[in-house]
Amino acid sequence: MYEKKSGIIKYYFDEWGLNKNIGTFSWLLHRLTGMILALYLFAHIIVVSSGLWGPESFNTWLKVVQTPLTHFLEIFLLACIALHLLNGLRIILTDLLFVTKQHKAIFWVAGAIFVLFMIVTLSVFLPRVFSH
Amino acid sequence: MVEFRVFRFDPEKNKEPEFQSYEFDPYKGMTILEGLYYILENLDSSLAFRSSCREAVCGSCAMHINGIYRLACKTQIEILKSPITIRPLSHLPVIKDLVVDLTPFFNHFKEIKPYLIPKESPPEKEYIQSVKEREKINDWLDCILCGACYGSCPVCAQDDKYLGPHALLKALRFVDDSRDGGAKERIAFVTQNSGVFRCHTIFNCREVCPKDLDPTKAIAKLKLKAVFKKF
């Protein structure tokens, strides 16, 4: 008998290759943004916890992260938060109201909200990136 | 002319599977299953696949056809673009070519006890079910156990203990049945680690179901019943 064994990265590519639809896309996006947010959380805790060693240490760390690159990454972070949050709400809606039939429509509504959110985000954060 | 690219794996010859191409002239209205029979009878008698009823009732011929899990007997060649790529169901061991070992699939099905459990005090004659009570289970009845949902579910690939959309849909069919006395036991069983809460709500099962059933909705209902113990 033949049993396909794939590593964790190949598993995601395989599943996408076999089921190219909105559901798989949003699941993959949810996973990816979730992992990015978890990594961000560690970085965030490291920077904020520097305050435990006094205001000077805190200010030094804040200076380190106040660069055009980190401001640019902030836009990326907000995009990840918005995608993860909107897809999470979509899943909660499905679980509570059983709106499985409308899941594609809800996906596109969430997509439209995401675009609006990003327009506002870019208008606020892009000037910050170039203010340095 | 149409080209079929068929997944081939012979345990006696191959270590890894390969795709083999076959070309032939289809007639109008020819289905994928009839195409496979044409190959078997005229081009390559070593091809293995499962089929039985040829009318989307038995669920034997579910396979991955041009990107979607479907029943070969229900899918016409003319609606698909050539070359038509045919693979067996995923997440199940391949015995030969398009034939998979459905043992894990049916083991999960048996785990949810797919039969009526008598109530504590059964009636003297038959269980009486009103039209309204019967309508409650209408949406969960038609599963033909083809395995398309199991093949399409990414969770089934990672967790072989996960009950799967087919078993969870069937579990709700019995939980909602007014004649069944095992609702508590069933809900307790499906809320285990590899039960309803393992579902990531990816919707693939409802997208591929050839009988247009909605296992995602069934799982959502079971989740809510488990949380509020409404049964």
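Chain letters run A, B, ... following the sequence lines, proteins first and then strands; every chain starts at 1. On a predicted model such as this, the values are computed, not experimentally measured, just so you know.
In this structure, the portions of K221(B) lying under 4.5 Å from any heavy atom of chain A include both its backbone and its side chain. With a threshold of 4.5 angstrom between heavy atoms, K96(B) does not approach chain A through any atom at all. With a 4.5 Å cut-off on non-hydrogen atoms, T94(A) touches chain B through its backbone and its side chain both. For L97(A), no part lies under 4.5 angstrom from a heavy atom of chain B. Looking at K101(A), the atoms closer than 4.5 Å to chain B (heavy atoms on both sides) sit in the backbone and in the side chain alike. Only the side chain of S90(B) comes within less than 4.5 Å of a heavy atom in chain A; its backbone stays farther off.
Smallest separation of non-hydrogen atoms from L18(A) and H64(B): O-NE2, 2.8 Å. Across all non-hydrogen atoms, the minimal contact from V155(B) to Y11(A) is N-OH, 4.3 Å. The two atoms that bring A220(B) and D95(A) nearest to each other are CB-OD1, 3.8 Å, heavy atoms only. Residues H200(B) and I91(A) approach most closely at O-CD1, 4.2 Å, considering heavy atoms. A pairwise comparison of heavy atoms in E15(A) and A157(B) identifies OE2-CB, 3.5 Å as the closest pair.
Heavy atoms of other residues, nucleotides or ligands lying less than 6.0 angstrom from CZ of F72(A) number 12 at most. Atom CH2 of W16(A) has more than 12 neighbouring heavy atoms from other residues, nucleotides or ligands inside a 6.0 Å radius. Atom CG of N138(B) has more than 12 neighbouring heavy atoms from other residues, nucleotides or ligands inside a 6.0 Å radius. Residue-environment remark: CZ (F13(A)) stays at or below the threshold of 12 foreign heavy atoms within 6.0 Å.
Within the 4.5 Å cutoff, the side chain of F7(B) has heavy atoms near those of the Y2(A) side chain. The shortest distance between side-chain heavy atoms of F98(A) and L224(B) falls below 4.5 Å. Annotation: side chain of W27(A) is not in contact with side chain of N204(B) (no heavy-atom distance under 4.5 Å).
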#### Entry: Verdict with reasoning, K217(B) to H103(A), per side-chain contact (heavy atoms from CB on, under 4.5 Å)
CA-CA 11 Å; K217(B) 191 174 179 179; H103(A) 82 94; over 6 Å; no
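No other option in Y69(B), F9(B), F203(B) has as many heavy-atom pairs under 4.5 Å with chain A as F203(B). Heavy-atom pairs under 4.5 Å with chain B peak, among K20(A), K104(A), H30(A), at K104(A).
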